[in-house]
Amino acid sequence: MLKTLMKQLKEYRKDSILTPCFMILEVVMEMIIPLMMASIIDDGVEVGDLNHIYKMGIYMVIAAGIGLTAGILGGKYGAKASAGLARNLRKGMYENIQTFSFANIDKFSTAGLVTRMTTDVTNIQNAYQMILRMCIRAFFSLICAMCMSFFISPRLASIYLMAVLVLGCILAVIISFAMKYFNEVFPKYDDLNESVQENVSAIRVVKAFVREDYERERFTKASGNLYKMFVKAETIVSLNTPVMMATVYTCIMLISWVGAKMIVGSELATGELMSLFTYCMNILMSLMMLSMVFVMISMSMASAKRIAEVLEEKSTLTNAESPDMEVTDGSIIFDHVNFSYHEGAEEWVLKDINLEIHSGETIGIIGGTGSSKTSLANLISRIYDVSEGCVKVGGKDVRSYDLETLRNQVAVVLQKNVLFSGTILENLRWGDENASKEECIHACKLACADEFIESFPEGYDTYIEQGGTNVSGGQKQRICIARALLKKPKILILDDSTSAVDTATDAKIRRAFKEEIPGTTKLIIAQRISSVESADRIIVMEDGRIHGFGTHEELLEHNEIYRDIYESQTSGSGDFDD
């Protein structure tokens, strides 16, 4: 885990080395100053040597200046290193997420990924900066102060040593208890972010169904759970302060008592006792800082594990060693295909699928909800890999192709149409970033989108809000179809992507496909017969199996499921667009 995170330091390794170096220099200067102060008292004030006082005073000013400069530079490089690590962690996670297959994405919730890239990375950033600056400074300050104390008086220094051992044990116990709660806190952040994300993205639905109170209660519950976990963790951590202060005052009292007796017995000079008091405070403040660092580290360990999970996740889809870089045609073959979304599942989602589709054919796919129509289409563009058997495109197993090459030749218009914030033209060029405006207009004419786009005051420069909220469902679908056409694919899959389009427009789109892209294999997944009855052949699916495959007339005559769907939509009012 730590190795994975430290790989993200990259160009900030130099800053990560310079920071502790400057912090150590600052500590050294701080440790020298009490010795100079003792010298001023014992060799200057008590014997009346004014020159010695001036000389040591100048040395103290120089040491303080060096320490101040080192502290400033340590802060600068520490901030650069921690902020750089945070940037690289976010970048690394984001880039790795882009390689994920749908199977990988299914393992992480959207809210969870957002939390990892924001809250968790911020925790790592803060912890790393504290390690580079506060931890290094406190550790060396503790060691140096302890050494200087033993150099002055081993007897009094043993009091510090006992205090360090006692506080170290207590701190270890406190952190072990707090760690358990911190591990539970950050998954609660996921629940809170999920509540906010769903509420904001679906605010229109919430208001339409007057569910504000329900959403408010849901948010309050998620926020309350987070609050309770933090209170428990922070309550345990807060025990550190009273224990620390009790130890500080005990040490001061013991040093004052023992030190006074040693001065009376001429075993210790007054200046040396003052130096020991200074070192005492250095040691105990160092312990306080170390305790804060360890608490922060205990919090960030939970975050580190969650970030490492994303960085170490490997895509379930990989290219072959020497992938094919060309798809010759749009023919599709399913050869004894079985498929399940999860390994070891008791039942297949798709069961013994055998199909042969010729290049340029228009194939309709129809079936009830949950009949696995979309799952069948997902295997063609290799969004998921088959569990058994193989899928061939252009006569070759889809797993032999370069993924980018395959997906550039298999355009999919998904059930959930997504438009991104930007102009209509910018959204269309997701299909082909180098497409000219004329090519975009032509694709929109094929998708029957040109007519409504031209009616907008800004035309193709009309700005689309996030999620396409300022266009209707049917308009969104037609823009998405045009976007897919710009890829000039050999296979075009429309996954129920004309459901929000009226029947007449649906017919126009299908007619344009037949006339303008006859060489492209077209798979049309639909719920209504009118969308597929003119297809060359139609696949009827039920319960993950192919129940029928033939022309509209053949299926009407021989397939009971298809006939029932046809009669329910034509004899009554099943198709509301008719």
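Starting from 1, each residue takes its place in the sequence as its number. Keep in mind it's a predicted model, so treat the numbers as computed, not measured.
- Closest approach of Val27 and Cys144 over heavy atoms only: CG1-SG, 4.3 Å.
- Here the CG-CD1 distance, from Leu5 to Ile124, works out to 5.5 Å after rounding to the nearest 0.5 Å.
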Query - Test log, rule side-chain contact (heavy atoms from CB on, under 4.5 Å), inputs Phe334 and Leu379 - result: CA-CA 9 Å; Phe334 281 74; Leu379 300 182; 4.2 Å; yes
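- Annotation: side chain of Cys444 is in contact with side chain of Leu428 (closest heavy-atom distance under 4.5 Å).
- Ring-plane geometry between Tyr384 and Tyr341 is classed as perpendicular, the angle between the planes exceeding 60 degrees on a 0 to 90 degree scale with a lower cut at 30.
- Residues Ser101 and Thr316 have side chains that bring a donor and an acceptor to within less than 3.5 angstrom of each other.
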Requested in this report: Determine, stepwise, if the pair Met229 / Asn225 fulfils side-chain contact (heavy atoms from CB on, under 4.5 Å).
Outcome: CA-CA 6 Å; Met229 296 305 297; Asn225 288 336; 5.6 Å; no
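- Counting non-hydrogen atoms of neighbouring residues, nucleotides and ligands closer than 6.0 angstrom, the CD atom of Gln98 exceeds 12 such neighbours.
- Between the side chains of Asp450 and Tyr460, at least one donor N or O sits under 3.5 Å from an acceptor N or O.
- Here the closest non-hydrogen pair linking Tyr463 and Ser421 is OH-CB, 3.5 Å.
- By the 4.5 Å heavy-atom criterion applied to side chains, Phe108 and Arg116 are counted as neighbours.
- Using a cutoff of 4.0 Å between basic side-chain nitrogens and carboxylate oxygens, Arg218 and Glu215 are scored as salt-bridged.
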Report task. Would you please test Arg483 and Leu419 for side-chain contact (heavy atoms from CB on, under 4.5 Å) and show each step? Result -> CA-CA 10 Å; Arg483 181 174 64 187; Leu419 294 177; 4.0 Å; yes
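- In terms of heavy atoms, Arg382 sits closest to Leu317 at O-CD1, 2.9 Å.
- No more than 12 heavy-atom neighbours from other residues, nucleotides or ligands sit within 6.0 angstrom of CD on Glu347.
- Counting non-hydrogen atoms of other residues, nucleotides and ligands closer than 6.0 Å to NZ of Lys351 gives a total above 12.
- Trp348 meets the ring-ring contact (aromatic ring centres under 6.0 Å, His included) test with no other residue; sequence neighbours excluded.
- The pair Arg133-Glu26 does not meet the salt-bridge criterion, since no charged nitrogen lies less than 4.0 angstrom from a carboxylate oxygen.
- Residues Glu439 and Lys488 are paired through a salt bridge, judged by an N-O separation under 4.0 Å between the basic side chain and the carboxylate.
- Counting non-hydrogen atoms of neighbouring residues, nucleotides and ligands closer than 6.0 angstrom, the NZ atom of Lys10 exceeds 12 such neighbours.
- Heavy atoms from other residues, nucleotides or ligands lying under 6.0 Å from CZ of Phe139 number 12 at most.
- Two residues are said to be in side-chain contact when any heavy atoms from C-beta on lie closer than 4.5 Å; Ile97 and Met117 meet this criterion.
- The one candidate from Leu485, Ile524, Thr521 that meets the side-chain contact (heavy atoms from CB on, under 4.5 Å) condition with Leu492 is Leu485.
- Looking at residues two or more places apart in sequence or on another chain, you find a salt bridge (Lys or Arg N to Asp or Glu O under 4.0 Å) between Lys107 and Glu313.
- With contacts defined as side-chain heavy-atom distances shorter than 4.5 Å, the pair Tyr12/Arg87 qualifies.
- Ser300 and Asn123 share no donor-acceptor pair across their side chains, judged by distance under 3.5 Å alone.
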Report task. For the pair Asn338 and Glu388, evaluate side chain to side chain donor-acceptor pair (under 3.5 Å) and give the outcome as yes or no after the intermediate values. Result -> CA-CA 5 Å; Asn338 289 317; Glu388 292 181 359; 2.9 Å; yes
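- Scanning all heavy atoms of the two residues, the minimum distance from Cys390 to Arg399 falls at CB-NH2, 3.4 Å.
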